Amino acid sequence: MKNLAFEAVLDKRKAEIVTAVLLLVDKVGITGLTIKKIAAQVGFVEGALYKHVDSKMGIFHLILDASIQSLEATGRDISARNLPPDGELAAWFDFILDFLEEYPGIYRILFSDALYAEDRPLFEEFKICMLGLKNRVQAIIERGVRSRAFRPDVDPEKTSVTYLGLIIMTFMLWTVIEERARGYKETAWPYFEEYMRTLRPIGPEAARGL
């Protein structure tokens, strides 16, 4: 993922602001984020910043909207590749790891209880986003069960939630336990491979490649 990846869905200035906010949040947290710090990071005076965003909370809405658009664009791209179910799950996982590794500050924003207590509409938007991602993953797993790429006793709903939980827990492992001493993919990918082993057939079906 390239720097200023948000330029794919935002104009250049707003993409710069979003990127600056994500870098700052990763360093100072949401409570330490101020318009003054954002403007300094972008290279604006405060007044110029308000030409592009109306408030700090407005920036958080912008970040979530841009993230949702990125997910939708990625979904179209992955679907167009006609991957098998395991390949599609891997492609989504790879995209999310790239996204979080480049913009780790987004985790603090998306999973901030304090932020959602202050702005209920933002919470509702986030809930729709997460439900949409969970439903995408569930649909892939259902397809895998139907095609016998995955075990017939796999519960698509539960394993889709486990998939999302895997992202959350490996991010915590990478950030808190390992303190980002290596790349996020190096940390997370072995756990994803273990997760995939729980989905694949065992015994005679696996031997036949079903």
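It should be emphasised that the depicted structure is a prediction, and the values quoted were computed from it without experimental measurement.
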- Those residues that, when tested against Phe93, pass ring-ring contact (aromatic ring centres under 6.0 Å, His included) (two or more places apart):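 If we apply the ring-ring contact (aromatic ring centres under 6.0 Å, His included) test to Phe93, skipping adjacent residues, the hits are Tyr163, Trp189, Phe192.
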- Can you name the residues that form a ring-ring contact (aromatic ring centres under 6.0 Å, His included) with Phe123, not counting sequence neighbours?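 Partners of Phe123 under the ring-ring contact (aromatic ring centres under 6.0 Å, His included) test: Tyr116.
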- Message: Suppose the criterion is side chain to side chain donor-acceptor pair (under 3.5 Å): which pairs have a residue in residues 32-50, not counting sequence neighbours?
- Response: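 Matches after skipping sequence neighbours: none remain.
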- Treating Ile, Leu, Val, Met, Phe, Trp and Tyr as nodes and any side-chain heavy-atom pair under 4.5 angstrom as an edge, say whether Ile167 and Met169 lie in one connected cluster.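 In one cluster with Ile167: Met169, no.
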[atom1] ([X]) with more than 12 external heavy atoms under 6.0 Å:
| X | atom1 | value |
| --- | --- | --- |
| Asp113 | CG | no |
| Met130 | CE | yes |
| Lys158 | NZ | no |
| Met172 | CE | no |
| Lys134 | NZ | yes |

Kindly compute the distance separating [atom1] ([X]) from [atom2] ([Y]), expressed to the nearest 0.5 Å.
| X | Y | atom1 | atom2 | value |
| --- | --- | --- | --- | --- |
| Leu122 | Ile109 | CG | CD1 | 9.5 Å |
| Glu157 | Gln138 | CD | CD | 5.5 Å |
| Ile140 | Ser160 | CD1 | OG | 10.0 Å |

- So, Tyr103 versus Phe99, ring centres under 6.0 angstrom or not?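 Between Phe99 and Tyr103, which both carry aromatic rings, the centre distance is below 6.0 Å.
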Among all residues two or more places apart in sequence or in another chain, which pass the side chain to side chain contact (heavy atoms under 4.5 Å, CB included) test with [X]?
| X | result |
| --- | --- |
| Thr175 | Phe171, Arg180 |
| Ser112 | Ile30, Ala114, Leu115 |
| Leu83 | Ile78, Arg81, Glu88, Ala91 |
| Ala48 | Phe44, Val45 |

What residues form a side chain to side chain donor-acceptor pair (under 3.5 Å) with [X], not counting sequence neighbours?
| X | value |
| --- | --- |
| Glu125 | none |
| Arg120 | Glu124 |
| Glu179 | none |
| Tyr107 | none |

- Task: Run through Leu110, Thr170, Ile106 and flag the one making a side chain to side chain contact (heavy atoms under 4.5 Å, CB included) with Leu100.
- Result: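 Of Leu110, Thr170, Ile106, side chain to side chain contact (heavy atoms under 4.5 Å, CB included) with Leu100 is met by Ile106 alone.
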- Message: Under the side chain to side chain contact (heavy atoms under 4.5 Å, CB included) test against Leu10, which residue among Ile63, Leu62, Thr19 passes?
- Response: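 It is Leu62; the other options fail the test.
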- Message: Go through it in stages, so that I can follow the logic: the residues are Arg13 and Asp11, the test is salt bridge (charged side-chain N to carboxylate O under 4.0 Å, His left out), and I'd like the CA-CA distance, side-chain angles, deciding distance and then a yes or no.
- Response: CA-CA 6 Å; Arg13 286 302 188 194; Asp11 66 56; over 6 Å; no
- Test salt bridge (charged side-chain N to carboxylate O under 4.0 Å, His left out) applied to Asp54 - qualifying residues, sequence neighbours left out: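 So Asp54 forms no salt bridge (charged side-chain N to carboxylate O under 4.0 Å, His left out) with any residue.
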- Item | Geometric class of the Phe111/Phe126 ring pair [parallel <30°, tilted 30-60°, perpendicular >60°] |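 Perpendicular.
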Return yes if some donor-acceptor pair links the side-chain N/O of [X] with the main-chain N/O of [Y] below 3.5 Å, else return no.
| X | Y | answer |
| --- | --- | --- |
| Trp174 | Lys185 | no |
| Tyr184 | Glu102 | no |
| Thr198 | Tyr195 | yes |

- Message: Using every non-hydrogen atom in the two residues, find where Arg108 and Val28 come nearest and quote the distance to one decimal.
- Response: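 Nearest heavy atoms, Arg108 then Val28: NH1-C, 4.1 Å.
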